[in-house]
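Just so you know, these numbers use all the heavy atoms, side chains as well, and skip hydrogens, waters and symmetry mates.
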Amino acid sequence: MFLRKGRSRKQLSYAELAQRTSAYSAATLQRAASGRTVPSRQVARAYAMACGLDLDETDRLWLDARREERAEHHNTERRSVPKPRMMRDLADLGAGLADAHERAGAPSRREMERRARAARTALSSSAAQRIISRQQIPSSREQLVAFLRACEVPERDHAEWLQAWARVRRHHAAELNASRTFLDRQEAETAEDPSGRVSPEQAAQLVSLAGYTPAERYRGYHVPWTVRCQHCTAVKRIRLSDQADGRPKQCTQCHNEAERAVQEVWAALFDRQWEEKGMPAAEAEILRRCRIAGVERRQSALHVTVTAPSELLLTTGLVDSSAWEALLTDAVREKLDNVSEVIYVTETNGLN
């Protein structure tokens with residue numbers, strides 16, 4: 001809107017605007033003002049200069065738009081970024097470095113590598129990308145300085161950033177130590193061996209109970225381990241500590257397949273097949289107002305949660321549950337031949 005108003009006040013066509021900028025085509029400038037995406041800061045500035053707009057205001061609006069776009073892309077709410085002196089954990093530092101990149105006009109990773117080299121520091125394009133996307137923080141003081149220079153952060157501010165980096169690393173190390181202490185205690189409680197360590201034989205038994213078969217040698221209680229799903233044969237990486245805490249993690253592929261099958265069966269049964277399956281019309285009409293709220297696979301059993309409006313459950317008790325449960329179980333087994341049991345839990349909500 002800001003850019004479009006500037007062009008309207010000058011009464012310029014996009015072709016005339018392109019002539020004034022000399023570096024960008026009419027199509028590029030038209031896309032910049034369309035509002036569909038946030039243009040690069042260089043394009044926004046060139047557009048503003050051609051229209052005689054204030055560059056500081058252009059930069060401020062561009063940064064706001066860029067932050068909004070990033071929040072929408074990651075499906076998160078915009079959060080305030082703490083000053084370096086207020087940063088305490090990895091999330092704070094990651095957000096601050098990503099914000100520094102935005103304030104610098106979101107230069108490409110190749111440009112950041114070039115800027116760091118020009119400042120006689122080393123920053124690879126891949127490292128820049130991982131830091132920008134918050135997959136990691138700088139691995140050393142030198143890499144942090146290189147990133148800050150690539151983002152054109154003033155040298156006078158570097159000391160505060162270095163202090164924040166050191167503080168965050170200390171905090172993270174303390175968290176890791178606490179986590180390791182907890183996992184060691186958890187393993188000792190799980191282990192059958194007097195040493196307090198889970199043996200390879202016990203580990204194989206535990207993952208088997210969770211529905212997996214080892215695909216490589218067991219190396220430790222909280223070390224990533226390659227296993228194979230016993231049902232769909234998918235290969236995945238797990239930690240035994242995640243499987244032995246009383247709530248084994250499902251195979252994602254099996255879970256998605258089971259949930260899709262149950263949802264399809266439910267819709268088909270009560271929308272089209274209830275009559276041929278022998279369900280009374282009145283009962284089918286009641287059940288249409290219910291929905292499948294969750295599906296959890298545990299070995300060869302499925303746990304299905306059915307949610308019903310509260311007043312419906314009170315007045316009908318979901319009719320004769322044994323009848324519709326049997327119909328649904330038979331239909332599920334037709335789709336998933338490795339399911340031996342379907343267990344139902346009925347709960348209410350405030351739906352009307």
Side-chain angles (χ1 to χ4, degrees), residues 1-74 76-84 94-121 123-134 144-158 160-161:
M1 183 68 73
F2 176 73
L3 296 178
R4 287 198 297 271
K5 283 184 176 180
R7 184 180 70 88
S8 296
R9 280 197 296 269
K10 289 291 185 179
Q11 297 183 339
L12 295 169
S13 68
Y14 281 109
E16 292 169 331
L17 202 61
Q19 287 181 345
R20 287 195 174 197
T21 64
S22 73
Y24 300 103
S25 68
T28 297
L29 296 169
Q30 187 170 9
R31 280 195 302 273
S34 68
R36 290 192 294 271
T37 59
V38 179
S40 70
R41 191 173 68 166
Q42 292 90 331
V43 171
R45 280 187 154 202
Y47 193 121
M49 289 178 66
C51 295
L53 298 172
D54 182 77
L55 286 185
D56 288 341
E57 180 69 2
T58 302
D59 285 348
R60 185 187 68 77
L61 293 172
W62 177 87
L63 186 59
D64 283 347
R66 177 78 180 188
R67 287 171 173 168
E68 191 70 38
E69 184 182 59
R70 182 176 287 274
E72 289 177 2
H73 176 72
H74 294 286
T76 58
E77 292 184 6
R78 282 183 57 180
R79 53 173 285 183
S80 59
V81 178
K83 299 290 186 183
L97 292 171
D99 188 66
H101 174 255
E102 299 286 1
R103 289 179 179 277
S108 70
R109 58 187 187 178
R110 295 292 182 191
E111 173 63 15
M112 293 188 71
E113 184 176 26
R114 187 197 65 76
R115 290 183 185 181
R117 194 184 307 116
R120 298 182 180 179
T121 52
L123 179 70
S124 68
S125 61
S126 57
Q129 178 59 33
R130 288 194 297 272
I131 295 170
I132 293 166
S133 59
R134 308 186 198 186
L144 173 61
V145 170
F147 185 89
L148 295 175
R149 286 177 176 166
C151 292
E152 300 177 333
V153 175
E155 294 284 335
R156 64 178 179 274
D157 295 337
H158 287 194
E160 196 171 33
W161 278 99

As a quick check of understanding, evaluate salt bridge (charged side-chain N to carboxylate O under 4.0 Å, His left out) for R149 and E155, giving each step before the final call. CA-CA 8 Å; R149 286 177 176 166; E155 294 284 335; 2.9 Å; yes
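- Using a 4.5 Å cut-off on side-chain heavy atoms (C-beta onward), P39 and R31 make no contact.
- Residues satisfying the side chain to side chain contact (heavy atoms under 4.5 Å, CB included) test with R110, not counting sequence neighbours, are S108, E113, S125.
- Contacts of R45 classified as side chain to side chain contact (heavy atoms under 4.5 Å, CB included), with partners at least two apart in sequence or in another chain: R41, L55, D59.
- Rounded to the nearest 0.5 angstrom, L29 CG and C51 SG are separated by 8.5 Å.
- Going from atom CG of L144 over to atom CD1 of I131 covers 8.0 Å, rounded to the nearest 0.5 Å.
- Annotation: side chain to side chain contact (heavy atoms under 4.5 Å, CB included) contacts of A33 (sequence neighbours excluded): L3, R4, Y14, Y47.
- Considering all non-hydrogen atoms of both residues, V43 and A32 come closest at CG1-CB, 3.7 Å.
- Residues that satisfy the side chain to side chain contact (heavy atoms under 4.5 Å, CB included) test with S126, not counting sequence neighbours, are S124, R130.
- Taking all atoms of both residues into account, the shortest heavy-atom contact from T58 to A48 is OG1-CB, 3.3 Å.
- Residues that satisfy the side chain to side chain donor-acceptor pair (under 3.5 Å) test with Q11, not counting sequence neighbours, are absent from this structure.
- The nearest pair of heavy atoms linking A150 to P107 is O-CG, 4.4 Å.
- For the residue pair C151 and A104, the shortest heavy atom distance occurs at O-CB, 3.2 Å.
- For R103, the salt bridge (charged side-chain N to carboxylate O under 4.0 Å, His left out) criterion is met by D99, not counting sequence neighbours.
- For R7 against L12, the heavy-atom pair with the smallest separation is NH1-O, 2.7 Å.
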Between D157 and L148, is a side chain to side chain contact (heavy atoms under 4.5 Å, CB included) present by the stated rule, with each step listed? CA-CA 9 Å; D157 295 337; L148 295 175; over 6 Å; no
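- Residues passing the side chain to side chain donor-acceptor pair (under 3.5 Å) test with R9: none are found, sequence neighbours excluded.
- Interatomic distance, CZ of F147 versus OG1 of T121, reported as 12.0 Å (0.5 Å rounding).
- Every side chain to side chain donor-acceptor pair (under 3.5 Å) that E111 has, sequence neighbours left out, goes to R114, R115.
- By the side chain to side chain donor-acceptor pair (under 3.5 Å) test, T21 pairs with no residue at all, sequence neighbours left out.
- Counting heavy atoms from C-beta on, the side chains of R117 and L123 never come closer than 4.5 Å.
- By the 4.5 Å heavy-atom criterion applied to side chains, Q129 and M112 are not counted as neighbours.
- The CD1 atom of I132 lies 3.5 Å from the NE2 atom of H101; values are rounded to the nearest 0.5 Å.
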